**Student:** 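Have a look at this one before I ask anything.
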Amino acid sequence: MTALFVDEYPAQARLVRAAFLTAFTAFGVGALFGLIQALHRTDVFRFLESETYYTVLTGHGVFLVITFAIFFLVGLYQWAVTVSLERGPVDMRISWTWYGLMSIGTLLVAISILAGFLDDPPMVLGSELSADVLFTFYAPLQAHPLFYAGLATFFIGIWLAGADWFRTWWVWKGNHPDERIPLPTFMVLTTMIMWYLGSIGVVVAIVVFLLPWSLGIIESVNPLLTRTLFWYFGHMVVYFWVLPAYLLWYNVLPKVSGGRLFSDPLARVVFILFVLLSTPVGIHHQYLDPGIAEGFKFIAMTNTMFLLLPSLLTAFTVVASMEHGARQLGGEGTFGWLRALPWRNPAFTGMALAGAVFAFGGFTGIVNAGMNINYLVHNTLWISGHIHTQVGTASALTFMAGTYWLIPQLTGNRLISRRVALVQVVLWFIGIVFMTNSMYRAGLFGVPRRTAEPQYGFEYDVGVGSMAELNAQIALGGILLFISAMLFLGLLLLTVFNTDSEPIVDGTIPPALSGPEDSPRVLDNLRLWTAIALVLVALAYTLPLAAIISQGGLLGPDVNPFPVFIDGLKILQYVLSAIEVVPI
């Protein structure tokens with residue numbers, strides 16, 4: 001049996017465990033906030049006032065899709081670079097520095113969000129400590145400066161992590177000048193190239209506009225400009241969350257299926273396509289923004305459709321890898337091999353179910369990408385359903401299942417109960433099916449997202465079923481997901497203290513059936529693909545950004561920050577003064 005990761009690389013194992021600990025702590029808090037949302041929106045049980053709901057909504061988004069997803073990513077990627085290059089980083093002090101920066105940034109953001117639960121938030125830096133601005137933090141919603149400073153610090157940490165991995169690879173390359181980049185490291189490096197290209201937009205929005213605005217250094221911002229800069233980043237970051245799941249599907253899933261990866265070259269092509277195509281598509285999130293010309297939106301729609309290609313290549317490659325493994329285990333027939341797969345293994349079952357949900361989420365993503373169909377579902381609960389199938393399951397369930405395979409290697413302890421772990425991943429799948437089925441259907445009938453009071457006192461004509469049935473599915477799904485999350489965290493905690501057992505796990509990743517030698521070396525030319533990606537980004541965003549600035553100015557009109565609370569009488573007076581009453 002091969003040595004465990006914790007035995008071969010104890011210093012790196014400590015770093016990966018620290019990243020996972022932070023990720024899963026945020027996961028627990030975010031899961032609790034998700035349960036509160038599900039019960040509040042459906043009016044099953046309300047723990048807090050509707051005004052405080054937006055604190056929960058902000059925390060749910062930030063703690064899950066930023067802290068949980070990205071801390072898991074950096075832990076997984078540190079593991080992947082180490083095992084594939086068979087060496088640790090050049091300087092572990094740099095590695096702990098990026099982890100520290102990310103942790104400090106998370107702490108600042110968490111403090112600013114959680115202060116929203118206080119009846120009388122403290123005054124810090126001359127303003128009230130709060131950040132009820134949701135995950136997207138659109139202006140003119142304004143958060144406390146600590147929120148923006150924390151985000152900036154967090155982003156700097158991720159940039160430094162990528163530099164750390166590139167530096168490790170560069171030193172390895174000096175000792176192996178004629179070797180191809182090992183596939184896991186190739187996936188890490190291309191993901192980080194994508195991150196560097198796409199995160200520029202949101203960092204500019206934060207550092208140049210939103211942070212100075214919150215500090216009172218500038219009086220106003222251009223909301224359309226900062227929103228566009230966010231979505232320049234906003235669609236890329238979806239793939240930043242999903243690509244760690246891809247890494248596990250391409251490397252670990254074939255292993256636990258009993259076989260090996262079908263094609264290394266196809267995997268490289270997929271990650272290159274994400275580098276090229278993931279960023280020049282963000283405007284498809286802004287189809288209803290009147291300040292962007294329809295022609296630019298059409299270009300974004302066209303670019304988005306090309307992203308179907310890497311997803312289809314992944315479906316083919318991963319399923320082919322699973323079939324190869326099943327046939328090694330004795331599976332026969334056109335579909336009979338499916339029965340031979342290791343369905344009792346929670347690592348396999350969790351990742352397989354996550355992949356199935358991801359496929360369905362991809363089909364719903366086509367609806368989001370199309371301009372004319374998007375108008376039907378924009379800003380409805382349909383979008384929440386799509387997010388929960390993609391990030392909430394394709395990524396989150398894969399991360400949990402992958403952790404069941406990784407945790408024995410990182411701790412030297414056996415997973416406490418594979419049977420309970422299997423129940424946990426299946427329970428998550430069932431919960432997400434109930435919840436997203438309801439969300440998709442409710443979105444088609446116009447039920448809005450991002451609100452504590454979705455019905456506003458009137459009834460929706462849902463056609464089939466009823467609002468009560470849809471709400472019941474959301475509540476049931478939320479409860480099942482929360483139970484599954486707590487089972488997962490409990491299993492991890494017990495496994496960490498399960499020191500009297502030896503892990504039964506082989507951490508080696510077998511070579512692909514078709515290896516890197518079967519592909520042209522140009523696939524490993526990272527400079528070439530980065531240059532092409534820069535050109536595509538410039539073509540997609542130079543004219544739209546120039547048009548936005550020419551129309552609204554760099555700092556925009558004098559827009560007052562929100563939240564602003566106005567009583568009903570003032571609203572009525574404002575409306576009456578703004579319209580002309582024409583007698584009939």
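Predicted, not measured: the structure shown is a model, and the values here were computed from it.
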**Student:** Output a table of donor-acceptor pairs, distance under 3.5 Å, between side-chain atoms of residues 145-152 and any protein atom two or more places apart or on a different chain; print 'none' if there are none.
**Tutor:**
| from | atom 1 | to | atom 2 | distance (Å) |
| --- | --- | --- | --- | --- |
| Y148 | OH | A143 | N | 3.0 |

**Student:** Carefully, step by step, assess I181 and L526 under the rule side-chain contact (heavy atoms from CB on, under 4.5 Å).
**Tutor:** CA-CA 10 Å; I181 307 173; L526 300 182; 4.2 Å; yes

**Student:** Could you tell me whether a side-chain N or O of T317 sits under 3.5 Å from a main-chain N or O of T314, the two making a donor and an acceptor?
**Tutor:**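 Judged by distance alone, no pair lies under 3.5 Å.
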
**Student:** Measure across R449 and S384 and return the closest heavy-atom pair with its distance rounded to 0.1 Å.
**Tutor:**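 Nearest pair, atom of R449 first, then S384: CB-OG, 3.5 Å.
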
**Student:** Count the heavy atoms of every other residue, nucleotide or ligand shown that sit under 6.0 Å from CZ of R521, and state whether that count exceeds 12.
**Tutor:**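 Correct, the count exceeds 12.
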
**Student:** Does any N or O in the side chain of S321 come within less than 3.5 Å of the main-chain N or O of F262, such that one atom is a donor and the other an acceptor?
**Tutor:**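 Yes: the side chain of S321 pairs with the backbone of F262.
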
**Student:** Give a yes or no on whether a salt bridge exists between D264 and R180, defined as a side-chain N under 4.0 angstrom from a carboxylate O.
**Tutor:**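 Here D264 does not pair with R180 in a salt bridge, since their nearest N and O are not under 4.0 Å apart.
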
**Student:** Checking the side chain of H176 only, and the main-chain atoms of W172 only, is there a donor and an acceptor separated by less than 3.5 Å?
**Tutor:**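 A pair under 3.5 Å: yes.
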
**Student:** Here's a test for you: under ring pair (Phe, Tyr, Trp, His ring centres under 6.0 Å), which of Y239, F240, F274, W241 qualifies with W195?
**Tutor:**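 That would be F240.
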
**Student:** With under 30° as parallel and over 60° as perpendicular, where do the rings of F24 and F27 fit, or are they tilted in between?
**Tutor:**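 F24 vs F27 ring planes: perpendicular.
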
**Student:** Report the relative orientation of the aromatic rings in F117 and F33; use parallel for angles under 30°, tilted for 30 to 60°, perpendicular for over 60°.
**Tutor:**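 It falls in the tilted class, 30° to 60°.
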
**Student:** Set out, in order, the CA-CA distance, both residues' side-chain angles and the distance that settles ring pair (Phe, Tyr, Trp, His ring centres under 6.0 Å) for F155 and F233, then state yes or no.
**Tutor:** CA-CA 12 Å; F155 277 77; F233 153 86; 5.6 Å; yes

**Student:** With distance as the sole criterion, is a donor-acceptor pair present between the side chains of T304 and H284 under 3.5 Å?
**Tutor:**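 T304 vs H284: donor-acceptor pair found between side chains.
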
**Student:** T22 side chain to A18 main-chain N or O, any donor-acceptor pair under 3.5 Å?
**Tutor:**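 At least one qualifying donor-acceptor pair exists.
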
**Student:** Can you tell me if T364 and H386 form a side-chain donor-acceptor pair at under 3.5 Å?
**Tutor:**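 Per modelled atom types, T364 and H386 side chains form a pair under 3.5 Å.
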
**Student:** Count the heavy atoms belonging to other residues, nucleotides or ligands that lie under 6.0 Å from CD of E517, then report whether that count exceeds 12.
**Tutor:**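 Yes - once you tally the heavy atoms of other residues, nucleotides and ligands closer than 6.0 Å, there are more than 12.
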
**Student:** With under 30° as parallel and over 60° as perpendicular, where do the rings of Y99 and W96 fit, or are they tilted in between?
**Tutor:**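 Judged by the thresholds at 30° and 60°, the geometry between Y99 and W96 is perpendicular.
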
**Student:** Is it true that a side-chain atom of S519 and a backbone atom of G515 form a donor plus acceptor pair closer than 3.5 Å?
**Tutor:**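 Absent.
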
**Student:** Quiz question: by atom type and distance under 3.5 Å, do the side chains of D132 and T58 form a donor-acceptor pair?
**Tutor:**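 Side chains of D132 and T58: no pair found under 3.5 Å.
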
**Student:** Decide if the gap between the ring center of F358 and the ring center of W249 is smaller than 6.0 angstrom.
**Tutor:**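 For F358 and W249, the ring centres are under 6.0 Å apart.
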
**Student:** Just by distance, no angles: are the side chains of Q78 and W165 close enough, under 3.5 Å, to form a donor-acceptor pair?
**Tutor:**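 There is such a pair between these side chains.
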
**Student:** Does any donor atom in the side chain of T191 or Y246 lie under 3.5 Å from an acceptor atom in the other side chain?
**Tutor:**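 No.
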
